[in-house]
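None of these values were measured; they are calculated from a predicted model.
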Amino acid sequence: MTIKLYNSLSRQKEDFEPMESGKVSMYVCGPTVYDSCHIGHARSVVVFDVIYRYLSARGYDVFYVRNFTDVDDKIIARANTLGITCDEVSERYIKEFHEDMDALNMMRPTLEPRPTGHIEQIIGIISILIEKGYAYAVDGDVYFSVEKYHDYGKLSGRRLEDMVAGSRVEIDPRKNNPHDFVLWKASKPDEPRWDSPWGPGRPGWHIECSAMSAEYLGQTFDIHGGGKDLIFPHHENEIAQSEAAFGKTFVKYWVHNGFINIDHEKMSKSLGNFLTIKEIVKTWHPEALRLFLLSSHYRSPLDYTDQAMQEATAGMDRIYKTLARVESCLGAPVSTLGGMDGARSITDQTDTGRHFFEAMDDDFNTARATAILFETVRRVNRLMDANEENPAPSNREQIVEEATEIRKIGEILGIANLDPDVYFQQKQARSLGSRQIDPSWVEKKIAERKLARKNKDFSAADAIRDELLDMDIVLEDRPEGTIWKMKH
RNA sequence: GGCGGCAUAGCCAAGUGGUAAGGCAACGGCCUGCAAAGCCGAUAUUCACCGGUUCGAAUCCGGUUGCCGCCUCCA
């Protein structure tokens, strides 16, 4: 089986063949650390997290680099506003980024380099570009000359002459061509600065990715990822810099994720509809967010709404309810192998495993993959329905096997690997916290209802149930007693 | 103006030449005191519209309409 992935450069799906058999080098553009992460970051990180996990599960040794941009105009502006140093700003938001991403069960990349630690390499590339005549210095700035690099525009599919220069940004008269972009920026007095052959300054935005990817992955590497918006100008400029400097193909496969809308609107600070991960995770379980993000293909636009999150929550509940039911049916937890071991143990020897591979091999089609997950859930439930109390050994075996497949697939999607009790407790804690419900009061009501039911006073019992339902508390009368859950 | 994308049931969403996955919601059945949960069942003769290619198209080609993104910092 061959993995196919869509290459933004060729605009079609291609067979995935890494440069070195069995190994994958992957670079993904991370955040500029000047503010809290929003759901857009979450999508990008989840998408590449799943790609990373899947490639690993398929036996590749993946070297995954994701940078933090820690020197930039926005960071400087932020530092001035907060009255702290740029380093303090980036440290603060890197820490926050890690907290948010840990909450969303993201795996850490192999390396998370930052440009401030790679100034030497950056200056090195800029020097090569000047030597080769691709760049020029003006007043302490260094610019890349887009006209010198003849393939400029090949990723974004635009030609230099078609672009309307100065339509939205003022033309800088010091540039040879309005589309020339800055490689090195002279620093103003109170800005971060490093010595360079062109005077004290700091790196431009694009050059860091060329420098750090070359440093850790080589001058050519397999996969470069990021949000769709980075195609132009960021990735276009990276290609120009790297290929001009090193004279070889920069990246084999370009992978870009689509954008998130909020209630059908583009997310933007001016509209005031930026949703941070912290806010979302306060009301919704992180796994519901992951399921939502993986419920459509990574290149499609995705609309975030409360309804969508409720549906994703219902989906996660369904999976965990089944796992809980398996546990009580078999009297033992459904094992998680932990880490990537579970994911790596998926084989195409089972229908479920084979279908899952087919879906994911096809450009990481997580929407199809989640469908397979739900089909498996239904099969397990059906098996248990047919074997109420004492499942025959062969049935037990089958139930365990199918339930374990759910865990394994979940390991790659980054969901369904919690103890079901823990999942429902975590979920409940969110609801109780936002609704201020006292669990012991609920227990008291349930006891009252139990008494009423014992006395066959069903109207009183139903009144209690309705009262609780108004507060989004749902009762389930099970053989072993009544349990309660929050509706959302 | 240039480049690109999307239009599939009430909603979300797979499906890229062989006769429409999956989820949520709603409906009927089993179960239940009644519910809830779970399972079962029925739900798109049809994939924005108009032509064309083909034995055969949601899928390919041409056109029309509508929506969206990028061209500026942005995941």
Need one value for [X]: base, sugar-phosphate or nothing, where a base atom within 4.0 Å counts as base even if backbone is also close, heavy atoms only.
X: A:Gly153; value: nothing
X: A:Gly227; value: sugar-phosphate
X: A:His256; value: nothing
X: A:Met316; value: nothing

**Item:** ring centroid sep under 5.5 Å plus plane angle under 30, A:Phe259 with B:A75
**Value:**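 Yes, A:Phe259 stacks on the base of B:A75.
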**Item:** B:G33 pyrimidine/purine six-ring stacking with A:Phe458, under 5.5 Å and 30°
**Value:**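 By the stated criterion, A:Phe458 and B:G33 stack.
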**Distance-only polar pair, side chains of A:Tyr298 and A:Asp363, donor-acceptor under 3.5 Å** =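 A:Tyr298 vs A:Asp363: donor-acceptor pair found between side chains.
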**Request:** Would you check if the distance from the ring center of A:His98 to the ring center of A:Phe68 is below 6.0 Å?
**Result:**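 Centroid distance A:His98-A:Phe68: below 6.0 Å, so yes.
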**Message:** Check for me whether the distance between the ring centres of A:Phe221 and A:Phe250 falls short of 6.0 Å.
**Reply:**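 Between A:Phe250 and A:Phe221, which both carry aromatic rings, the centre distance is below 6.0 Å.
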**Message:** Checking base pairs now: Watson-Crick or wobble, both atom distances under 3.5 Å. What partners B:G62?
**Reply:**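 Across all strands, the one nucleotide that pairs with B:G62 is B:C50.
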**Asked** How does each nucleotide of nucleotides 34-40 of chain B score, in 5' to 3' order, for protein heavy atoms under 4.0 Å: base (B), sugar-phosphate only (S), or none (-)?
**Response** BBBSSSS
**Asked** Does B:C68 have OP1 or OP2 sitting under 4.0 Å from an N or O in the side chain of A:Asn261?
**Response**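 No.
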**Under 4.0 angstrom between A:Lys13 side-chain N/O and B:U16 OP1 or OP2** =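 Answer is no, no contact under 4.0 Å.
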**Item:** NZ or CZ of A:Arg66 within 45° of A:Phe48 ring axis and under 6.0 Å
**Value:**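 No; the conditions do not both hold, so A:Arg66 does not lie above the ring face of A:Phe48.
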**Asked** Which of residues 301-313 of chain A have a heavy atom under 4.0 Å from RNA chain B?
**Response**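 By residue number: A:Gln307, A:Glu311.
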